[in-house]
*Asks:* 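Please find one structure pasted underneath; my questions will follow.
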Amino acid sequence: MNCRFCKKPLNEVFVDLGVSPLSNAYVKEEFANNKEIFYPLKPMICSDCFLIQLPELEKVENIFAKDYAYFSSFSQTWLNHSKRYVNEMVKRFNFNNQSLIIEIASNDGYLLQYFKEKGIPVLGIEPARNVAEAAIGKGIPTLIRFFNSSLAKELRAEKKMADLIIGNNVLAHV
């Protein structure tokens, strides 16, 4: 395996965390007696650029399935934090109706809804269909896609260049 950033060969294990099933991959009751797939959690560290990374063992489409379990809006504490965050960002950067706020992995629109309430244009990018559809249902424009360089080029061509790009809890999955 080569480093995703600098392309140097990876030879050093950062830490061996054993094995684990996919995050948020809850087993349905009718499959409770079936064997569950476990994956090694053995991140490698690049000795050149020090990026820590796992090998890609599963397709992202299988991780962010149509029935993704976590909806950010279920936590009132998280919603309160999100509202305070939006107020601080608007105050600090003077965002207005000419701005564009993009959130990568925007979940159910839990954060962007507060920018929208202030009349600030938003765009969510969320690969998990069920939570993205919940955001769309709230009136949050949301692309049901993975964010990658191809999508970034599309957005640029459409003149959708963000004044603020947010990526909460993205590193946990990347």
Side-chain angles (χ1 to χ4, degrees), residues 1-5 10 12-46 51-86 101-117 122-152 154-155 160 162 164-174:
M1 174 177 160
N2 290 333
C3 176
R4 290 186 180 97
F5 182 71
L10 295 175
E12 195 171 336
V13 173
F14 180 71
V15 63
D16 187 341
L17 299 170
V19 295
S20 176
L22 289 177
S23 173
N24 295 324
Y26 302 113
V27 177
K28 293 181 179 166
E29 187 175 349
E30 61 265 25
F31 301 115
N33 292 325
N34 293 1
K35 185 176 180 179
E36 188 172 5
I37 299 172
F38 282 74
Y39 297 86
L41 288 177
K42 196 183 288 189
M44 307 291 285
I45 184 167
C46 178
L51 178 65
I52 299 169
Q53 55 212 289
L54 283 169
E56 191 172 319
L57 300 173
E58 184 60 78
K59 294 178 183 176
V60 291
E61 294 83 7
N62 293 335
I63 298 170
F64 298 95
K66 64 181 178 204
D67 57 351
Y68 191 68
Y70 184 75
F71 284 69
S72 297
S73 293
F74 287 175
S75 168
Q76 189 59 51
T77 304
W78 186 237
L79 289 174
N80 294 341
H81 166 77
S82 299
K83 191 169 193 170
R84 284 191 310 272
Y85 172 83
V86 167
I101 311 301
I102 294 178
E103 185 178 13
I104 299 167
S106 56
N107 201 268
D108 61 1
Y110 73 97
L111 177 71
L112 294 179
Q113 66 186 341
Y114 299 117
F115 284 106
K116 186 174 186 244
E117 281 178 3
V122 298
L123 177 63
I125 300 169
E126 172 56 54
R129 178 167 296 281
N130 61 326
V131 289
E133 288 174 348
I136 292 166
K138 294 178 185 176
I140 307 297
T142 304
L143 299 175
I144 305 174
R145 296 182 56 187
F146 286 95
F147 183 79
N148 56 27
S149 58
S150 171
L151 179 54
E154 285 178 41
L155 293 172
K160 291 181 181 175
L164 177 64
I165 297 175
I166 302 165
N168 288 323
N169 200 33
V170 173
L171 287 177
H173 292 292
V174 175

*Asks:* Could you pull out all residues at least two apart from F71 that satisfy side-chain contact (heavy atoms from CB on, under 4.5 Å)?
*Replies:* F74, N107, D108, N130, V131, A134
*Asks:* K160: which residues meet the salt bridge (Lys or Arg N to Asp or Glu O under 4.0 Å) condition with it, sequence neighbours left out?
*Replies:* E158
*Asks:* Determine whether Y110 and L79 make a side-chain contact, defined as any pair of heavy atoms from C-beta on separated by less than 4.5 Å.
*Replies:* yes
*Asks:* Sequence neighbours left out, what passes side-chain contact (heavy atoms from CB on, under 4.5 Å) with N80? Give chain and number order.
*Replies:* Q76, R84
*Asks:* Any chance you could measure Y85, atom OH, to F115, atom CZ, to the nearest 0.5 Å?
*Replies:* 6.0 Å
*Asks:* Taking side chain to side chain contact (heavy atoms under 4.5 Å, CB included) as the criterion, tell me which of L123, I165, I166, N168 meets it with I104.
*Replies:* I165
*Asks:* Could you list the residues that satisfy side-chain contact (heavy atoms from CB on, under 4.5 Å) with I136, not counting sequence neighbours?
*Replies:* T142, I144
*Asks:* For residues 68-80, pull every pair meeting salt bridge (charged side-chain N to carboxylate O under 4.0 Å, His left out), keeping only residues two or more places apart or in separate chains.
*Replies:* none
*Asks:* Minimum heavy-atom separation for I140 to G109, with atom names?
*Replies:* CG1-CA, 4.3 Å
*Asks:* Sub-3.5 Å donor-acceptor pair from the side chain of Q53 to the main-chain atoms of L51, do we have one?
*Replies:* yes
*Asks:* Calculate, to the nearest 0.5 Å, the distance between atoms CD and OG belonging to Q113 and S82 respectively.
*Replies:* 8.0 Å
*Asks:* List, one per line, each side-chain donor-acceptor pair under 3.5 Å for residues 36-43, sequence neighbours excluded.
*Replies:*
residue : atom : partner : partner atom : Å
Y39     : OH   : E58     : OE1          : 2.4

*Asks:* I need the S72 OG to E126 CD distance, nearest 0.5 Å.
*Replies:* 8.5 Å
*Asks:* Which value, rounded to the nearest 0.5 Å, describes the distance between I52 atom CD1 and M44 atom CE?
*Replies:* 11.5 Å
*Asks:* According to side-chain contact (heavy atoms from CB on, under 4.5 Å), who are the partners of K28, at least two apart in sequence or on a separate chain?
*Replies:* E30, F31, D67
*Asks:* What residues, two or more places apart in sequence or in another chain, satisfy side chain to side chain donor-acceptor pair (under 3.5 Å) together with K138?
*Replies:* S73
*Asks:* Under the side chain to side chain donor-acceptor pair (under 3.5 Å) rule, collect the residues that match up with E154, sequence neighbours excluded.
*Replies:* R145
*Asks:* Please say whether more than 12 non-hydrogen atoms of neighbouring residues, nucleotides or ligands are located less than 6.0 Å from CZ in F14.
*Replies:* no
*Asks:* Take L155 and I125 through the side chain to side chain contact (heavy atoms under 4.5 Å, CB included) test and state the conclusion after the steps.
*Replies:* CA-CA 11 Å; L155 293 172; I125 300 169; 4.0 Å; yes
*Asks:* For V122 and K116, work out which heavy atoms get closest and say how close.
*Replies:* CG1-N, 4.1 Å
*Asks:* Can you measure from OH (Y114) to CD (E117) and round to the nearest 0.5 angstrom?
*Replies:* 6.5 Å
